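Just so we're clear, the structure is a prediction, and the values are computed from it rather than from any experiment. Numbers here are sequence positions counted from 1.
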Amino acid sequence: MLAAVSMHFGSARNNTKGNIYTQANMLAKTQLEDLKNQEVTSPRLATGAYQDLNNPIDAEGLPGGIYSRSWTIDNLGATARRITVTVQWNRGGKPGSVVLSSKALRCGAATCEEGIDC
């Protein structure tokens, strides 16, 4: 009986950790995709470091959660930017983070991913 109770708590702890990581990954992916959909010349893709104005945020990106989202924009030339999004959290004294990075390229009037003919 004791082994079954111990297994249950271990499973619940792993599920919670997995859910937190999944939510953080989705927050990072949402921000990355939003920025990649901007024109390279957009002020939103100006070189610099940025913080989500709603930090700390919840899994929906609304104020009041455990996550802190930030991003940096690096200039790779007149037609390209590197976007790096970081989502951090601290739960039960254990910090965690997810980092996603991608390039936004300008092909004519559209922004596209590297390797795609525009």
Side-chain angles (χ1 to χ4, degrees):
M1 175 77 165
L2 184 57
V5 169
S6 179
M7 233 174 22
H8 172 72
F9 285 122
S11 177
R13 184 173 39 250
N14 288 337
N15 283 344
T16 299
K17 184 177 179 180
N19 288 341
I20 290 171
Y21 183 83
T22 298
Q23 290 168 350
N25 192 54
M26 291 305 297
L27 285 167
K29 185 176 179 180
T30 299
Q31 185 66 36
L32 183 63
E33 292 300 320
D34 179 51
L35 292 168
K36 283 178 62 175
N37 285 327
Q38 303 298 311
E39 282 290 326
V40 171
T41 56
S42 166
R44 293 192 62 206
L45 292 183
T47 301
Y50 302 91
Q51 296 283 324
D52 194 309
L53 296 176
N54 292 323
N55 282 340
I57 57 177
D58 65 12
E60 303 297 322
L62 301 173
I66 64 168
Y67 304 102
S68 178
R69 181 167 52 188
S70 60
W71 57 94
T72 58
I73 308 294
D74 297 310
N75 189 342
L76 301 178
T79 61
R81 303 289 184 268
R82 178 181 300 114
I83 305 165
T84 304
V85 179
T86 303
V87 176
Q88 299 175 311
W89 67 90
N90 190 323
R91 179 144 175 142
K94 296 180 181 177
S97 65
V98 169
V99 179
L100 299 179
S101 184
S102 185
K103 292 179 185 175
L105 302 175
R106 181 175 180 178
C107 301
T111 301
C112 66
E113 293 184 39
E114 186 173 17
I116 295 176
D117 290 332
C118 299

Within this structure, what is the CG-OG distance for the pair Asp52 and Ser70, rounded to the nearest 0.5 Å? 9.0 Å
Determine yes or no for a side-chain-to-main-chain donor-acceptor pair under 3.5 angstrom, with Ser42 supplying the side chain and Gln38 the backbone. no
Count the heavy atoms of every other residue, nucleotide or ligand shown that sit under 6.0 Å from CG of Leu53, and state whether that count exceeds 12. no
Taking the side chain as every heavy atom from C-beta outward, state whether Gln51 and Ser68 have any atom pair closer than 4.5 Å. yes
For residues Leu45 and Glu39, determine if any side-chain heavy atom of one lies less than 4.5 Å from a side-chain heavy atom of the other. no
Side-chain heavy-atom pair Ile83, Lys103 within 4.5 angstrom cut-off: no
Between Asn90 and Gly93 (side chain of the first, backbone of the second, donor and acceptor by atom type, cut-off under 3.5 Å), is there such a pair? yes
Could you go through the side-chain contact (heavy atoms from CB on, under 4.5 Å) check for Glu33 and Leu35 one step at a time? CA-CA 5 Å; Glu33 292 300 320; Leu35 292 168; over 6 Å; no
Does Val99 reach the side chain of Val85, with side-chain heavy atoms less than 4.5 Å apart? no
Do Arg69 and Asn55 have side-chain N/O donor and acceptor atoms under 3.5 Å apart? no
Quick one: closest heavy-atom pair of Pro56 and Gly65, and the distance? CB-O, 3.3 Å
Taken to the nearest 0.5 Å, the spacing of Ser101 OG from Arg82 CZ works out to 6.0 Å
As an exercise, state the distance from OG1 of Thr47 to CG of Asn75, rounded to the nearest 0.5 Å. 4.0 Å
Does the side chain of Gln23 pick up a donor-acceptor pair with the side chain of Tyr67 at under 3.5 Å? yes
I'd like to know if the side chain of Asp34 reaches the main chain of Thr30, judged simply by a donor and an acceptor atom lying under 3.5 Å from each other, with no hydrogens or angles considered. no
Under the 3.5 angstrom rule, does the side chain of Arg44 hit a backbone N or O of Val40 as a donor-acceptor pair? no
Between Gly61 and Asn54, which heavy-atom pair has the shortest distance, and what is it? O-ND2, 3.7 Å
Would you give the length of the straight line joining atom CG of Leu32 to atom NZ of Lys36, rounded to the nearest 0.5 angstrom? 5.5 Å
One should read off an interatomic distance between Arg81 CZ and Asp74 CG, to the nearest 0.5 angstrom, of 10.0 Å
Reported CG-to-CH2 distance for the pair Leu100 and Trp71, which is rounded to 0.5 angstrom: 13.5 Å
Ala24 and Trp89 have their tightest heavy-atom pair at CB-CZ3, 3.3 Å
Starting from Met26, can I reach Val98 by hopping between I/L/V/M/F/W/Y residues whose side chains sit under 4.5 Å apart? no
